[in-house]
S.K.: 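Would you mind keeping the following structure in view while I ask a few things?
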Number of protein chains: 4
Amino acid sequence: MTVPDNPRQLSAEIFRVVTGTSEPIYRQLIEQLRRLLAGGQVLAGDAMPSVREVASELGVNPMTVSKAYSMLEAEGLLVRRRGLGMEVAAQSDGNSDLESRLELLRPGLERIAVEASQLELEPKAVIALLTSILKGK
Amino acid sequence: MTVPDNPRQLSAEIFRVVTGTSEPIYRQLIEQLRRLLAGGQVLAGDAMPSVREVASELGVNPMTVSKAYSMLEAEGLLVRRRGLGMEVAAQSDGNSDLESRLELLRPGLERIAVEASQLELEPKAVIALLTSILKGK
Amino acid sequence: MTVPDNPRQLSAEIFRVVTGTSEPIYRQLIEQLRRLLAGGQVLAGDAMPSVREVASELGVNPMTVSKAYSMLEAEGLLVRRRGLGMEVAAQSDGNSDLESRLELLRPGLERIAVEASQLELEPKAVIALLTSILKGK
Amino acid sequence: MTVPDNPRQLSAEIFRVVTGTSEPIYRQLIEQLRRLLAGGQVLAGDAMPSVREVASELGVNPMTVSKAYSMLEAEGLLVRRRGLGMEVAAQSDGNSDLESRLELLRPGLERIAVEASQLELEPKAVIALLTSILKGK
DNA sequence: GTGGTCTAGACCACT
DNA sequence: GTGGTCTAGACCACA
């Protein structure tokens, strides 16, 4: 992990969305940015990629991106600089501690556990698969 | 893993839904039944709990349950027995092999891997948390 | 002021918007509802008028109303009941005390004071005009 | 009210803007100048502060100030004196009578009345608050 | 019927 | 160029 100079201009490639799921695109964007902030990959003062840039990169409508940005602004994670774009708010405190970041992952893991039990899968097999996926990246 | 006598009457408690998520309830029901079938916890010939029983147990609208049952019927996993309710279709091929069941879990684990990487979490920490959740159940 | 039975179905007429101003319609709706809640004219458990009803009554696009409702939901003042509509949240504590309600009015009055001073108007004249407007309603 | 010598150089401090509101800054500037003219605090022939001085004093973009000046010029309230900046037009009719100035304040007061009624506030309480704000300045 | 999401496209305010 | 607001209209999930 590199900790780049700050502030800097973020690229639209920080976002990745999947279609064909029921999770709304704007919500995927919101939650991705929350994780990137918690993980310290996005820092206070960073300039967000423009709405139009993200929209074109992801192939979605600009309003969809704008909605995500607006909600992140309402939440205090982004601030709007009129005519200049959005930037990451100063008070978004950056890299969270390990415990907090693990807590953000817990709901997803609990869901996995439920699914594994319905599939009658042993913990050992599940962990082996997760390990191979994590290491393979 | 226990393989119960067959046929038998399934209880509404085989289902569990979460609200406050964007995943539609009817879809949660469908995918749970698919997993229970793959895991062998639900067998061909088993009698499904009634729509109204499931609806009341989960606190959802009966039409939502009915929609899930109808789609499972259209898919051939359930058959409607007039006056008797739905039962699990004979051709639902029951307990799948380990590989197939793991494949059903893979998409969820891949999503976890993406989230972990955005959170800058080490594989070790993620695996430790999943292990504790799986063992704690 | 009448304190009606509760819960009840609110009419779209609780809202009034003005066009030709720079204040966005969705924001006018949000702030009106906040005031009606603080004033006790809208109570916890009340059913909000439907998006489509408000949109048609005010002659605006349903998405505009929907945006206001969504933000009020995010703020915790409204709760969504799937398939049934929105209702006023239980925790919106209804009629606020006199001090709090006056504070909601203060920014507008401070702006009036600035304008009056730029217009070189005596307090006496301003108060006389406000009095006549308030009493005339 | 003092009636200063004329002509003179106006300072950037005649303007005050608020951010975080939806009212555009250039419009705030335009309406403030209109009120200062109606109130007689700005007189025909007065030299306006320069665009760059106002922009720096208020912390806004010079183009925003320039836009306001241009619109005031198009409206005939300001005239451009090449190389010398803008000055207040001779035909700006100066200090209006009391009735006209009160009329400029009426829309704001009517809005206050609407908000007070939504907040279920008695005229007496509203007038008391306005009085304290006006006297406190 | 309810609200939610998304698209396509327009216009506005501001830099 | 930036984001914001609004419209018109489509489709979805849910009751």
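The sequence lines fix the lettering, A, B, ..., with proteins before strands; numbering per chain opens at 1.
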S.K.: In whole angstrom, give the distance that lies between atom CE of A/Met71 and atom P of E/dG4.
M.R.: 10 Å
S.K.: Which of the following nucleotides, E/dA8, E/dT2, F/dG4, is nearest to the side chain of C/Ser50?
M.R.: E/dT2
S.K.: Quick check on E/dG3: is either OP1 or OP2 less than 4.0 Å from any side-chain nitrogen or oxygen of C/Arg81?
M.R.: no
S.K.: Does any non-hydrogen side-chain atom of A/Ser22 lie less than 4.5 Å from one of B/Glu23?
M.R.: yes
S.K.: Which whole-number value in Å describes the distance from A/Ile30 CD1 to E/dG4 P?
M.R.: 14 Å
S.K.: Quick check: on DNA chain E, is the nucleotide nearest D/Pro62 upstream (toward 5') of the one nearest C/Met48, or the reverse? Name the residue that is more 5'.
M.R.: C/Met48
S.K.: Report the residue (B/Pro24 or C/Gly59) whose heavy-atom-nearest nucleotide on DNA chain F is the more 5′ of the two.
M.R.: C/Gly59
S.K.: Looking at every strand, decide which applies to B/Val60 at a 4.0 Å heavy-atom threshold: base, sugar-phosphate, or nothing.
M.R.: nothing
S.K.: Give none if F/dC14 has no partner; otherwise give the nucleotide forming a Watson-Crick or G-U wobble pair with it, both distances under 3.5 Å.
M.R.: E/dG1
S.K.: Any base atoms under 4.0 Å from A/Asn61, or only sugar-phosphate, or nothing? Heavy atoms, all strands.
M.R.: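 The residue A/Asn61 makes base contact.
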S.K.: What I'd like to find out is whether the side chain of B/Arg16 reaches to under 4.5 Å of the side chain of A/Val114, using heavy atoms alone.
M.R.: no
S.K.: Around A/Glu13, counting heavy atoms of other residues, nucleotides and ligands shown, do more than 12 lie under 6.0 Å from its CD?
M.R.: no
S.K.: Can you check whether C/Arg82 has a side-chain N or O nearer than 4.0 Å to OP1 or OP2 of E/dT2?
M.R.: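 The answer is no; no side-chain N or O of C/Arg82 sits under 4.0 Å from OP1 or OP2.
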S.K.: Over all heavy atoms of both residues, which pair between D/Met71 and D/Tyr26 is shortest? Give the atoms and the distance, please.
M.R.: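 Closest pair (atom of D/Met71, atom of D/Tyr26, distance): SD-CE1, 3.4 Å.
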S.K.: I want to check one thing: is the phosphate of F/dA13, taken as OP1 and OP2, less than 4.0 Å away from some side-chain N or O of B/Tyr26?
M.R.: yes
S.K.: If I take atom CD in residue C/Glu53 and atom C1' in nucleotide E/dT2, what distance separates them, rounded to the nearest angstrom?
M.R.: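 Atom CD in C/Glu53 sits about 12 Å away from atom C1' in E/dT2.
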S.K.: Give the rounded distance in Å between these two atoms: CG of A/Leu72 and P of F/dG4.
M.R.: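 Nearest whole value for this atom pair: 11 Å.
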S.K.: Output the rounded distance in Å from CZ (B/Arg27) to P (E/dG4).
M.R.: 20 Å
S.K.: B/Leu58 has an atom CG; how far is it from atom P of F/dC14, in whole Å?
M.R.: 13 Å
S.K.: So, for C/Thr21 and C/Gln28, which heavy atoms are closest and what is the spacing to 0.1 Å?
M.R.: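 The pair with the smallest heavy-atom distance is CG2-NE2, 3.6 Å.
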S.K.: Quickly work out the A/Tyr69 OH to F/dT5 C1' distance and round it to whole Å.
M.R.: 18 Å
S.K.: Nearest to the C/Met63 side chain among F/dA15, F/dA13, F/dT7, which nucleotide is it?
M.R.: F/dT7
S.K.: Find the distance B/Glu23:CD to E/dT5:P and express it as a whole number of Å.
M.R.: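 To the nearest whole Å, that distance equals 15 Å.
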S.K.: Looking at F/dG4, I'd like to know if its phosphate oxygens (OP1 or OP2) sit under 4.0 Å from a side-chain N or O belonging to A/Ser66.
M.R.: yes
S.K.: Just verifying a value: how many Å separate B/Leu72 CG and B/Lys67 NZ, rounded to the nearest 0.5 Å?
M.R.: 12.5 Å
S.K.: Among the candidates E/dC6, E/dG3, F/dT5, find the nucleotide nearest to the side-chain atoms of A/Thr64.
M.R.: E/dC6
S.K.: Could you tell me whether A/Glu73 contacts a base, only the sugar-phosphate backbone, or nothing, with contacts defined as non-hydrogen atoms closer than 4.0 Å?
M.R.: sugar-phosphate
S.K.: Ignoring hydrogens and angles, answer whether the base of F/dG3 and the side-chain atoms of A/Arg52 contain a donor-acceptor pair closer than 3.5 Å.
M.R.: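 Counting by modelled atom types and ignoring angles, a donor-acceptor contact under 3.5 Å is found here.
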S.K.: Respond yes when some side-chain nitrogen or oxygen of C/Lys67 is under 4.0 Å from OP1 or OP2 of F/dC6, and no when none is.
M.R.: no
